[in-house]
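Single-structure report; data block below.
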Amino acid sequence: MNGTTVYEPPAAPTSWRVALPHTTAAVPVARALVRTALAEREHTADCDTAELLTAELVANAVEHTSGPTPIELVVRLLPTGFQVEVHDADPEPPRDLTRPNPDLPDPWQEHGRGLLLIRMLSSSCGHRPTESGKAVWFRLPGQRRPA
């Protein structure tokens with residue numbers, strides 16, 4: 001063999017897919033994964049907002065779906081942003097995600113603000129059917145920091 005052999009590790013992943021338990025314990029795990037993904041790849045997306053919106057999506061999936069089927073979290077680092085998807089087994093789309101409810105949430109109630117936060121703080125959001133239910137997603141602007 002002529003020349004020096006240089007080992008180049010495989011390219012670092014730009015997406016992660018994790019099955020989470022169908023319990024509230026999934027929320028802090030999802031937040032930690034998002035925080036780690038952004039830090040590891042030195043991404044400029046707002047980490048606090050990403051964690052908050054991820055927690056809302058996961059909490060909604062736990063609260064509004066039933067059954068033992070795990071929830072799936074998909075995190076993608078995109079060239080011009082950051083996307084989080086939460087997959088669950090219920091095919092019913094989330095109400096008020098892409099069509100705002102004209103009534104504001106009751107300020108005295110614990111629930112009712114999650115989808116409003118996702119709509120207001122993300123650059124885009126939506127849902128799509130999957131083979132096993134649906135995926136609800138949001139995007140935030142950002143990019144990997146130059147070396």
Side-chain angles (χ1 to χ4, degrees), residues 5-101 104-107 109-147:
T5 302
V6 176
Y7 172 74
E8 291 187 22
T14 56
S15 67
W16 295 261
R17 183 179 293 263
V18 177
L20 300 171
H22 197 274
T23 68
T24 56
V27 175
V29 172
R31 289 180 75 123
L33 177 66
V34 164
R35 181 176 45 254
T36 301
L38 289 172
E40 270 188 16
R41 299 294 175 253
E42 297 181 352
H43 204 276
T44 63
D46 180 359
C47 188
D48 292 334
T49 302
E51 283 188 57
L52 172 66
L53 300 185
T54 299
E56 291 297 336
L57 285 185
V58 172
N60 280 351
V62 169
E63 182 177 344
H64 298 292
T65 64
S66 60
T69 306
I71 295 163
E72 192 171 53
L73 176 70
V74 179
V75 176
R76 289 188 179 97
L77 300 181
L78 307 169
T80 60
F82 174 75
Q83 180 171 310
V84 171
E85 287 185 353
V86 174
H87 297 235
D88 64 53
D90 184 1
E92 185 69 27
R95 293 176 301 184
D96 304 332
L97 179 63
T98 54
R99 289 185 325 207
N101 185 337
L104 291 176
D106 183 341
Q109 295 298 313
E110 257 185 55
H111 303 298
R113 292 177 201 80
L115 295 180
L116 175 64
L117 286 171
I118 292 166
R119 280 196 322 270
M120 300 301 291
L121 297 177
S122 68
S123 58
S124 60
C125 61
H127 57 85
R128 63 182 174 79
T130 64
E131 288 182 16
S132 60
K134 71 176 171 300
V136 183
W137 57 271
F138 72 85
R139 285 190 187 135
L140 293 176
Q143 58 190 0
R144 187 172 177 177
R145 289 187 184 102

Taking only residues two or more places apart in sequence, or in another chain, which ones meet [X] in a side-chain hydrogen bond (donor to acceptor under 3.5 Å, both in side chains)?
X      : answer
Asp90  : none
Ser132 : none
Thr65  : His22

Rounded distance [0.5 Å steps], [atom1] in [X] versus [atom2] in [Y]:
X      : Y      : atom1 : atom2 : result
Phe138 : Arg119 : CZ    : CZ    : 15.0 Å
Leu52  : Arg31  : CG    : CZ    : 6.5 Å
Thr54  : Leu140 : OG1   : CG    : 8.0 Å
Leu38  : Phe82  : CG    : CZ    : 4.0 Å

Quiz prompt | side-chain contact (heavy atoms from CB on, under 4.5 Å) involving Ala26 - partner list, sequence neighbours excluded | solution =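 For Ala26 the side-chain contact (heavy atoms from CB on, under 4.5 Å) partners, ignoring immediate neighbours, are Leu20, Pro21, Val58.
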Tabulate below the donor-acceptor pairs under 3.5 Å that side-chain atoms of residues 67-77 make, not counting sequence neighbours, or state none.
residue, atom, partner, partner atom, Å
Glu72, OE1, Arg17, NH1, 2.9
Arg76, NH1, Glu85, OE2, 3.3

Practice problem: Start with the C-alpha gap between Ser122 and Leu53, add the side-chain angles, then the distance that decides, and say whether side-chain contact (heavy atoms from CB on, under 4.5 Å) holds. | Solution: CA-CA 8 Å; Ser122 68; Leu53 300 185; 4.0 Å; yes
Practice problem: Specify the closest pair of heavy atoms between Trp137 and His127, including all atoms of both residues, with the distance to one decimal. | Solution: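 In terms of heavy atoms, the two residues are closest at NE1-N, 3.5 Å.
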Quiz prompt | Which atom of Val27 lies closest to which atom of Ala55, heavy atoms considered | solution =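 Shortest heavy-atom separation between Val27 and Ala55 comes out as CG1-CB, 3.7 Å.
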Self-check item: salt bridge (charged side-chain N to carboxylate O under 4.0 Å, His left out): pairs with one or both residues in residues 129-141, sequence neighbours excluded
Solution: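 Of all non-adjacent pairs touching residues 129-141, those that pass salt bridge (charged side-chain N to carboxylate O under 4.0 Å, His left out) are Asp88-Lys134.
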Quiz item: Do the non-hydrogen side-chain atoms of Asn60 and Val136 ever get within less than 4.5 Å of each other?
Solution: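 Not touching, per the 4.5 Å side-chain cut-off.
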Self-check item: Residue pair Val34 / Val84, side-chain heavy-atom distance below 4.5 Å
Solution: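 Yes - at least one pair of side-chain heavy atoms lies under 4.5 Å apart.
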